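Chain A is the first sequence line, chain B the second, and so forth, proteins listed ahead of strands; every chain is numbered from 1. Keep in mind it's a predicted model, so treat the numbers as computed, not measured. Note that these values count all heavy atoms, side chains included, but never hydrogens, waters or copies made by symmetry.
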Protein chains: 2
Amino acid sequence: MPKSYPAPARFPVTVDVVALTVSEDVLKVLLITRLIEPFRGALALPGGFVLAGEDLMTAAGRELAEETGVEQIPGYLEQLGSYGPKGRDPRGDVLTVAHLLLAPNFPVLSAGSDAEHAAWYPVSQVLEGELKIAFDHERILADALERAKSKLEYSPLGAAFCGEEFTIAQLRAVYEAVWGTRLDPRNFHRKATGTPGFLEDTGKMTTGDAGRPAALFRLAQVARPSAGQPTPTVLNPPLMRPRGDA
Amino acid sequence: MPKSYPAPARFPVTVDVVALTVSEDVLKVLLITRLIEPFRGALALPGGFVLAGEDLMTAAGRELAEETGVEQIPGYLEQLGSYGPKGRDPRGDVLTVAHLLLAPNFPVLSAGSDAEHAAWYPVSQVLEGELKIAFDHERILADALERAKSKLEYSPLGAAFCGEEFTIAQLRAVYEAVWGTRLDPRNFHRKATGTPGFLEDTGKMTTGDAGRPAALFRLAQVARPSAGQPTPTVLNPPLMRPRGDA
DNA sequence: TCAAAAGTGTTCAGCATACACCCATGT
DNA sequence: ACATGGGTGTATGCTGAACACTTTTGA
């Protein structure tokens, strides 16, 4: 017999979701107002306890649906990382598995009167300290933002922020909002349309806006998150964000 | 009062460690022979249950030390991701948080007679199915390898596989083993020594080997994992791996 | 006719690649 | 002397950045 082992502890496990979207050219995160202790009344990432027999992704999707009132959440969901279990919840040791959702700007229903109030808040307001959020959620948000930034470089998931069909300018606005930089419209256009396996021309054009009509694109078949690969295809070459020197 | 919530389930949580090293120009992973059920007698990643009051990283380090007999494990440890809890352990729902260790080829002590037998095995043998490992550890290893490959591009952590001081050729061997490609020695030399914030010349030279003596380098101060940042500094420009077309 | 936004062409600099070549040691 | 590996110089092609310019709409 092997030596004796300490009794394995059992932990409550939560899933938290950092749902990001771009609206009005600003990167926003979905936050709820907590209705229960701890941090009652404070803002926090949507999330909750994993139930018996449930997988992490499933739990994340369920919590998100419960707290937004939206049945089928659009967008791309992936695991971000785990935090804890030590010293991050006043109730005791709770392990949380954070997830990242890149979504178009879906309308948040504040569901029933006894449900959480969910709304989109500018990410910058949280990370610059203007808006305080509960637990270690600010750190999780910071990690999520970093992940999202690099996702845009190496995967076609920038399009996950847009609707089904979008113009190159709309896509560029996403990149600019997430990266926090300005991009040259001409070079971005060439790069985005020239990257194989990224965009597909729908043949349709916008109309009614100021200026010349823009072509409408959709995400290429091979790049759809749902179509086979759980890991999205890699953009080759990547769409590179300007790297600060120094 | 908010609506009633289902009682949160509590889960046993394990940490698993994918410890990678390069020896004899081959990428190897540390595996143990399991002495207890389930999968008794099979090979598996080192790991075990997280104890009460313990953090994930701490648990990973502790398990690694226990199962290798090495007190202070050298190298760089980071979290990889979480798996489960559903349907990955015959004992029931167990959540595991996988970690990645990039380490020099430290000698594994098979500790006491009642301890696990740990040893280094070529990664390729596992991923090509010649060697079967327990649980969902093959998938975890595959994810770890992918992470390690990209770590080498964007961070100075290739040096984590080498000892304190190393030659450019030794470093190149690491890159070749992890990426599974051949690199031009001349261009690699220029790129590695030319990347700011990566290498520091010790002034010393090798001696006794065949051919011209090589200069010995160490990881630059700013790039040490322990020195401040938990996230290692980013290489800019990155050391790019050859990208397959198509 | 003008403003505004879409999209194309062109130039330039920097870097990855390939490879010729020289250097310094052991045998 | 010669083999072996370390390290430098240099030509070539690709691509990211900058920006002049044309196109197509609404007002």
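Between the CG atom of B:D184 and the C1' atom of C:dA20 there is a distance of 12 Å, rounded to whole Å. Remark: P of C:dA6 and CG of A:D209 are 8 Å apart, rounded to the nearest angstrom.
Ring geometry for B:Y154 against A:Y154 counts as tilted: the plane angle lies between 30° and 60°, on a 0 to 90° scale.
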Seminar exercise, completed: With B for base contact, S for sugar-phosphate-only contact and - for none (protein heavy atoms under 4.0 Å), nucleotides 3-10 of chain D reads -BBBBBBB
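Screening residues 204-215 of chain B for side-chain hydrogen bond (donor to acceptor under 3.5 Å, both in side chains), with sequence neighbours left out, gives B:E165-B:K204.
Using modelled atom types, one side-chain atom of B:Q170 and one backbone atom of B:T167 make a donor-acceptor pair closer than 3.5 Å.
For the pair B:Q79/B:L56, a side-chain contact is recorded, criterion being any heavy-atom separation below 4.5 Å from C-beta on.
Under 4.0 angstrom from either OP1 or OP2 of C:dC15 there lies no side-chain N or O belonging to B:K191.
In this structure, the ring of B:Y175 has its center less than 6.0 angstrom from the ring center of B:F188.
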